[in-house]
There are 2 protein chains.
Amino acid sequence: MVTIKDVAAHAGVAFKTVSRVVNNDPTVKQKNREKVLNSIQVLGYRPNRAAQLTRRKKSGVIGFIADELLKVPYTFDLIRGAQDLAWENNKELMVLNVNINKYSVDGALNHLFQHRAEGVIYASMYHRAVKLPSAFEELPTVLANCYDLSNSYPSIVPDERNAAKEITLSMLRQGYKRLVFLNLNENIIAAKLRKLGVEDAFAEFGADKTNLIIESVIIGSEHNEYSVARKRAAELIRGFKPDAILCGQDPMAVEVYFVVQALGLTVGKDIGIGSFDDWDTIPGLLQPALSTMALPHYEMGQWAFNYLLSGQTEKTTQMAPFTLISRHSY
Amino acid sequence: MVTIKDVAAHAGVAFKTVSRVVNNDPTVKQKNREKVLNSIQVLGYRPNRAAQLTRRKKSGVIGFIADELLKVPYTFDLIRGAQDLAWENNKELMVLNVNINKYSVDGALNHLFQHRAEGVIYASMYHRAVKLPSAFEELPTVLANCYDLSNSYPSIVPDERNAAKEITLSMLRQGYKRLVFLNLNENIIAAKLRKLGVEDAFAEFGADKTNLIIESVIIGSEHNEYSVARKRAAELIRGFKPDAILCGQDPMAVEVYFVVQALGLTVGKDIGIGSFDDWDTIPGLLQPALSTMALPHYEMGQWAFNYLLSGQTEKTTQMAPFTLISRHSY
DNA sequence: CTGAAAGCGCTTACAG
DNA sequence: CTGAAAGCGCTTACAG
């Protein structure tokens, strides 16, 4: 491999001058700079990052530990948000997947320590509380899409409550009166907060709460979840006769569309449907296309990265707002 | 940060002995090894990777350039396949996202060169031909889910033709006689090969080809694609009256299920449905659950990584077999 | 504005 | 089995 000394010999300068050019030191005389740049070009020199890092204080590495993250399509936006900023700031984002069977969090951390990472983003697949090993205290840590029960780390999570309030208000304002909210598993934080948000909207709008049913249709324990969305949607449409249904996630909306069609009704005409997530291709697959609250994954990834860059230490829990994507389902 | 010398001082040995212990050199006396291990523990020493790499010949870094890869959920399995092996082999997988707007392939390559990567996997989002900049010739390169037109690099791609043949045969064997294959855009290689595969199956089974219609229902140019699956499915079911439909991808199957239901028919009873991809949550969302040919992304990721590890140079194009996931839709 | 020296934290190559 | 020296490709700190 071509080294700084090869370039120096070729350009007829001291190797320190080459180093200066590579590092954009403005004190190099224009003529020397050009000679060096030319030699770099001709010889195909590329700085050896490992050698640079050995000598420098900063590694430029930010870790990204993904807690089984990558099973759900949109969660990858967490990584993208961070990576886009890493690229812009000339940092290295070291993405490490963690899961029960293969990679431990300790293993991932060890990796990051060996690379002298300057900070780490810990991201979870869905919004939840996590308990991190104490080794995280040794380097700046930010949580994304999750939070720490003992409040030892700064974190950013989706603003579930406001999102639910916002989409519910949007439906009420359009004239829908009688709403069924088919919620996610009541054990998860998103479900708890969204329930409050929907109720907030009814209260703020002055709507009659007897026109509201909230029910969890993803049930069972964490590792044995199943959906009763179809069954309950059918029963509720027949019995309660809502004019709108809000679904806890886009895949559930697919199920509800089937139920609505089977009952001879039309989404967007006989019954309005809204949802959460903006799950990849799903919303556009439906007819009419699904209106949904998009999760702010990309923004959370960015926020987490920026937080590390800024060198802050305040242990805030930040709320990231969803974005309402209006299509034609209500 | 704790260095090898700190550990040596604490353990009362030469720093070279610490280096030996860290690198599992068997010549260290048991007693000294224990002393060093203890000091490492007590001081919390972690080897500095950058310094190691500066001195060693090998960087241990394998690059993974992902061509906008991460928009479709299952494509991440390409990375997972490679990453699992990287972990096992104590290598670093450096994942770099490439796209038109932000990161160029040249930028990603430059990154990899600076890290003295030992090889690179170039993976595309869907099965297609690619043209790589000539800089790839400077380091061992393997293509995954794509191939090079000039055959300059080894590659692995899904065995589309056999997959189509296999699922079609499986349907024919179950007694289905009259098949509509709603194909992907005819411009893409997968569509071309699968068409051949379906025809292979009819020929091999001795089935009557007048009972087969193959039609592309994803149409338009690459950047302006749209689906006429619903419209054509409805027309074909009414006119041609197939007893089975094969869909080019799982999302298309969702659309077809809606059409079938709207016509008052039942999937798996009145009409069999098969598909391709095994796209994340979609197959299980449908009722009955969708039988589909799963893309071998994980396996391709593994193969590509192994190929680099093995140090082979043969420029083969490998075919990776799909796996039939039988559920209840036919 | 430029260069010769020292040093980063390791491993390599050699000596004992 | 262990250690003192040299060196990896750079940057830092200093001198001119």
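Nothing here was measured: the structure is a model prediction, and the numbers come from that model.
- Under a 3.5 Å cut-off, the side chain of B:S155 and the backbone N or O of B:T317 do not form any donor-acceptor pair.
- For the side-chain contact (heavy atoms from CB on, under 4.5 Å) with A:V18, the lone residue among A:N23, A:V7, A:T3, A:V28 that qualifies is A:V7.
- With contacts defined as side-chain heavy-atom distances shorter than 4.5 Å, the pair A:Q83/A:F305 does not qualify.
- Below 30°, between 30° and 60°, or above 60°: for B:H111 and A:W87 the angle between ring planes is below 30°, a parallel geometry.
- Listed nucleotides D:dG9, C:dC10, D:dC1 differ in distance to B:N48; the shortest reach to its side chain belongs to C:dC10.
- The CZ atom of B:R49 sits 17 Å away from the P atom of C:dG9 (whole-angstrom rounding).
- When all heavy atoms of A:A82 and A:L93 are compared, the pair lying nearest together is CB-CD2, 4.0 Å.
- Residue B:K29 has its side chain nearest to D:dC1 when only D:dC1, C:dT11, D:dG3 are considered.
- The backbone N or O of B:S124 sits less than 3.5 Å from a side-chain atom of B:N145, completing a donor-acceptor pair.
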Taking N or O atoms only and anything under 3.5 Å, show me the protein contacts with nucleotides 5-8 of chain C, one pair per line.
{"unit_1": "C:dG7", "atom_1": "N2", "unit_2": "A:R55", "atom_2": "NE", "d": "2.5"}
{"unit_1": "C:dG7", "atom_1": "N3", "unit_2": "A:R55", "atom_2": "NE", "d": "2.7"}
{"unit_1": "C:dC8", "atom_1": "O4'", "unit_2": "A:R55", "atom_2": "NH1", "d": "3.3"}

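- Within the structure, the salt bridge (charged side-chain N to carboxylate O under 4.0 Å, His left out) test picks out the following pairs touching residues 3-24 of chain B (sequence neighbours left out): B:R20-B:D25.
- With distances taken from any side-chain atom of B:I4 to the nucleotides C:dT11, D:dT11, C:dG3, the minimum falls on C:dT11.
- Across every non-hydrogen atom of B:P158 and B:P296, the tightest pair is CB-CD, 4.1 Å.
- Screening residues 133-143 of chain A for side chain to side chain donor-acceptor pair (under 3.5 Å) gives A:E138-B:R46 as the qualifying pairs, with residues at least two apart or on separate chains.
- Distances shorter than 4.0 Å separate none of the side-chain N or O atoms of B:Q52 from OP1 or OP2 on C:dC10.
- Helical stems involving DNA chain D, defined as 3 or more consecutive Watson-Crick or G-U pairs under 3.5 Å, span C:1-3 with D:14-16, C:5-12 with D:5-12, C:14-16 with D:1-3.
- Among the protein residues, A:V22 comes within range of no part of the nucleic acid, since none of its heavy atoms lies under 4.0 Å from any strand.
- For DNA chain D, no neighbouring residue in residues 33-46 of chain B is found when judged by any heavy atom under 4.0 Å.
- Note on B:R128 versus B:D67: salt bridge recorded, some NZ/NE/NH1/NH2 to OD/OE distance being below 4.0 Å.
- The residue among B:V13 and A:L53 whose nearest nucleotide of DNA chain D is located toward the 5' end is B:V13.
- At distances below 3.5 Å, not a single donor-acceptor pair connects side-chain atoms of A:T17 with backbone N or O atoms of A:V13.
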Taking only nitrogen or oxygen atoms into account, show me every contact under 3.5 Å that the protein makes with nucleotides 14-16 of chain C, one pair per line with its distance.
none

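- Checked by atom type, the side-chain pair A:T316/A:E314 shows no donor-acceptor distance below 3.5 Å.
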